[in-house]
Amino acid sequence: MTTEAFVEIRDVVFRRDQRVIYDGLTASVPRGKITAIVGPSGTGKTTLLRLIGGQLKPESGHVCVDGLSVQSLKRSALFDLRKRMGMLFQSGALFAELSVFENVAFPLRVHTDLDDDLIRLVVLMKLEAVGLRGAVDLMPSELSGGMQRRVALARAIALDPEMIMYDEPFVGQDPIGLGVLLSLVKQLNQALGLTSLVVSHDLQETLSIADHVIMIANNRVAFQGSPDVMQTSGDPLVHQFLHGNPDGPVRFHFPAPSLENSVS
Amino acid sequence: MIDWIAGVGRSTLSQLSDLGRATLILMQAIFGRSNVGVHWHLTIDQIHVVGVLSLSIIIVSGLFIGMVLGLQGYTILTDYGSEQALGQMVALSLTRELGPVVTALLFAGRAGSALTAEIGLMKATEQLASLEMIGVDPLRRVVAPRFWAGVISLPILSLIFVSVGCLGGALVGVSWLGVDSGSFWANMQASVDFSEDVFNGMIKSVVFAVVVTWIAVYQGYDLVPTSEGIARATTKTVVYSSLAVLGLDFFLTAVMFGEV
């Protein structure tokens, strides 16, 4: 089955200082599907989300979102495009001086003309969806890390965006919270037809809801396809990652000279 | 020798690059998409934070500096039998130099460092990145209101500093040391020219306000988002602002009052 891509990434080269993160990365994110981005730590999964959001620019190559070349957009057009995206940051990134209610209401206040009653209704609905309606008057500092991420999720979906990028949404969640979030991500995708990108190390949980998987390793896309195909893949790199083997084509150690040379 | 020249070149290029980035950030913050109507209340909030909350340190400092000027001025002027000119000396010192300069230095320490730390912490906790992804430009939403608040607040604080300083001078000179009240105030009124002294002092204050607030918001926005980065940027704000204020003060004084 071919699906129109919402995000197209072509031949992207990206470096941080002298360290190569991507060397010709090519991938596509199908529209209206849940795409899991997986891979070993430090391979640039969060970086990929930031390239898609236009917060970073590639050295070469193209990142297109809904047909728009992100790195070619003017500043104002880029901010307009971002209104159609939601992003859940690893840290939650809630506004520290605003209450839970005001954090979720923030995108509605700045981008819509809704009256206060309607904003209150929408905010309470979003908080209800993440199970935190009772925390509406608390400040972010009064919440646990996992609860902060759930509030951040409510804020990310406040404007009903076309695409949501989740950066480690399941970290710090207890089993109940994890289950609720998994079903919420799935429901958002099915009910609203959202395109979802989930970066997560909770492999089994993420693959259970994903329609498409992009695995990044060794500066490139190591695998791209459905979770079922990934589970049965004979690729040694994919096999090593799925089974958590320390030895294999994916390096566990950060590049360094040999131990003998370092010691002597 | 070659290494030394290369080092100087690298350092110069780095400074120029910083200046260019700071200019771009300021331009994008104040000349981006118009949002005066939407963001005026944010500017008012920031005027409260950087201006109103700096009032106590400005009033107390102004009072003591005025009192010290009164005391020192009286001691010197008495030697020449001209203690009646104390009001003139206190007022001119404050309006031309001490008011704008000391207020700007205090502002850099009290409000400038706080602006840098606040913006830096927002960057370190991804709040600025979060704003960007919500489709809100942090330069317009966070940096611009703080910049304008600083530019508006500092000249007003400077005026308050000068006024309180004059009262401090009168308190010591007239109430304590016995200088004639009429002479003190009449001399002050006769010698202080509005355009020559007060207006030039205000121009200095506006220039210092732009420079100090610009340095503060740039250092916060451009810092390395770690605890050490925030500490380093906060220190830079105070050091760079102080040096810039003192250097610019000499330049402006030479232009305004330099003709012999």
Side-chain angles (χ1 to χ4, degrees), chain A residues 46-47 49-50 52-56 65 70 73-98 103-113 140-141 145 148-149 151-153 155-159 161-168 197, chain B residues 14 17 21 24-42 44-46 48-50 53 114-115 117-146 149 220-222 224-227 230:
Chain A
T46 300
T47 302
L49 298 189
R50 297 200 170 216
I52 293 169
Q55 290 184 301
L56 296 173
V65 175
V70 175
L73 291 175
K74 286 187 176 170
R75 194 172 170 82
S76 56
L78 182 59
F79 280 102
D80 287 338
L81 176 66
R82 285 176 181 156
K83 291 177 197 168
R84 298 164 56 196
M85 305 176 182
M87 180 154 176
L88 174 62
F89 286 82
Q90 262 182 41
S91 62
L94 295 178
F95 304 129
E97 79 282 12
L98 299 182
N103 261 284
V104 182
F106 184 83
L108 299 165
R109 292 201 196 284
V110 293
H111 291 315
T112 71
D113 295 323
S141 57
Q148 286 185 20
R149 262 186 292 277
V151 174
L153 176 57
R155 185 179 66 182
I157 59 176
L159 281 175
E162 293 169 49
M163 178 175 76
I164 302 190
M165 298 186 279
Y166 304 88
D167 194 357
E168 295 289 359
L197 274 102
Chain B
S14 164
S17 161
R21 206 162 51 247
L24 280 176
I25 285 173
L26 184 67
M27 292 300 112
Q28 282 174 351
I30 61 180
F31 295 122
R33 273 194 283 192
S34 174
N35 58 3
V36 175
V38 181
H39 290 169
W40 67 269
H41 67 280
L42 293 174
I44 299 291
D45 287 348
Q46 289 305 317
H48 174 77
V49 174
V50 302
L53 296 183
L115 284 178
E118 186 192 15
I119 296 174
L121 200 60
M122 289 178 81
K123 184 175 182 180
T125 54
E126 294 187 306
Q127 291 179 55
L128 297 184
S130 175
L131 273 176
E132 285 181 350
M133 289 309 298
I134 291 173
V136 175
D137 189 345
L139 288 175
R140 303 289 293 159
R141 177 94 192 178
V142 175
V143 172
R146 284 162 177 76
Y221 194 79
D222 202 53
V224 178
T226 60
S227 48
I230 294 174

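All chains are named by letter (A, B, ...) in the order of the sequence lines, taking the proteins before the strands, and each is independently numbered beginning at 1.
Test A:R82, A:R75, A:K83, A:K74 against B:D137 for salt bridge (charged side-chain N to carboxylate O under 4.0 Å, His left out) and you get one pass: A:R75.
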For this session: Output, in order, the C-alpha distance, side-chain angles, deciding distance and verdict of side-chain contact (heavy atoms from CB on, under 4.5 Å) for B:M133 and A:L49.
Result: CA-CA 11 Å; B:M133 289 309 298; A:L49 298 189; over 6 Å; no

Exercise. Would A:M87 and B:E132 satisfy side-chain contact (heavy atoms from CB on, under 4.5 Å), going step by step from the backbone distance to the final call?
Worked result: CA-CA 10 Å; A:M87 180 154 176; B:E132 285 181 350; over 6 Å; no

For this session: Using the salt bridge (charged side-chain N to carboxylate O under 4.0 Å, His left out) rule, take B:E126 and A:R149 through it: C-alpha gap first, then chi angles, then the decisive distance, then the call.
Result: CA-CA 13 Å; B:E126 294 187 306; A:R149 262 186 292 277; over 6 Å; no

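Most heavy-atom pairs under 4.5 Å with chain B, from the set A:M165, A:M85, A:R155: that is A:R155.
With rounding to the nearest 0.5 Å, the separation of CZ in B:R140 from CZ in A:F79 is 11.0 Å. Note that CG of B:D45 and CD of A:E97 are 10.0 Å apart. Values are rounded to the nearest 0.5 Å.
The part of A:L94 that comes within reach of chain B is its backbone (N, CA, C, O), which places non-hydrogen atoms under 4.5 angstrom from that chain. For A:A96, the parts sitting under 4.5 Å from any heavy atom of chain B are the backbone and the side chain alike. When heavy atoms are compared at a cutoff of 4.5 Å, A:R84 does not approach chain B at all.
When all heavy atoms of B:S130 and A:F89 are compared, the closest pair comes out as CA-CE1, 3.4 Å. Taking each heavy atom of A:H111 and B:I134 in turn, the nearest pair found is NE2-O, 2.7 Å.
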